[in-house]
Asks: 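Here it is: the structure, laid out below.
Residue indices begin at 1 and follow the sequence shown. The figures here come from the full heavy-atom set of this structure, side chains too, leaving out hydrogens, waters and symmetry mates.
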Amino acid sequence: MDFSAFNAAEQAHMTKVIEKKQMQDFMRMYSNLVERCFMSCCNDFTSKALSSKEEQCMMNCADKFLKHSERVGARFAEQNAEAINSAAAQK
C-alpha cells in the first residue's frame, strides 16, 4: 500500500493497524491448525505423550494445512494482481 499521501503520524498508525491485523490473522490460522489437527489425530488420552501414530498424524495434518494455506495465499495474490491490472487497464 502507498501511504505517501499521509503524514508521518498517520503512516505510523496505519503500519501499526496492519501489523496488528497480520498478527490476528496469524494467530487465527495457528489456532485453527491446532484445533483441527488435535481433533483429527489425538484420541488416546491414556498417556500424556503422543503415540507414534498420533505424532505422524499431527505432522501430516500440519503439513497439509500449511501447504493449503500457502496455496490459497498464492491464489489470492494472483487474483489480486489480475484485479489491479484490470483496473489499471481501464484507466
Asks: With a 4.5 Å cut-off on side-chain heavy atoms, are R28 and N32 touching?
Replies: yes
Asks: Would V72 and H68 satisfy side chain to side chain contact (heavy atoms under 4.5 Å, CB included), going step by step from the backbone distance to the final call?
Replies: CA-CA 6 Å; V72 168; H68 169 78; 3.6 Å; yes
Asks: Which value, rounded to the nearest 0.5 Å, describes the distance between L33 atom CG and E35 atom CD?
Replies: 10.5 Å
Asks: Rounded to the nearest 0.5 Å, how far apart are OG of S69 and OH of Y30?
Replies: 14.0 Å
Asks: To the nearest 0.5 angstrom, please state how far the SG atom of C37 sits from the CD atom of E54.
Replies: 12.5 Å
Asks: I'd like to check M23 versus M27 (side-chain heavy atoms, cut-off strictly below 4.5 Å). Are they in contact?
Replies: yes
Asks: Between N7 and E10, is any pair of side-chain heavy atoms under 4.5 Å apart?
Replies: yes
Asks: So, taking the atom named CG in N43 and the one named NZ in K53, what distance separates them when rounded to the nearest 0.5 Å?
Replies: 7.0 Å
Asks: Do any N or O atoms from the side chain of S86 and from the backbone of E82 form a donor-acceptor pair under 3.5 angstrom?
Replies: no
Asks: Donor-acceptor pair, distance only, cut-off 3.5 Å: does the side chain of T15 make one with the backbone of Q11?
Replies: yes
Asks: More than 12 non-hydrogen atoms from neighbouring residues, nucleotides or ligands closer than 6.0 Å to CD on E70, yes or no?
Replies: no
Asks: Do NZ/NE/NH1/NH2 and the carboxylate oxygens of E78 and R75 come within less than 4.0 Å?
Replies: yes
Asks: Where do L66 and M29 come nearest, in terms of heavy atoms and distance?
Replies: CD2-CE, 4.1 Å
Asks: Measuring only between side-chain heavy atoms, which start at C-beta, is M58 closer than 4.5 Å to C42?
Replies: yes
Asks: Under the disulfide (SG to SG under 2.5 Å) rule, what do C41 and C57 come out as? Steps first, then yes or no, please.
Replies: CA-CA 6 Å; C41 299; C57 180; 2.0 Å; yes
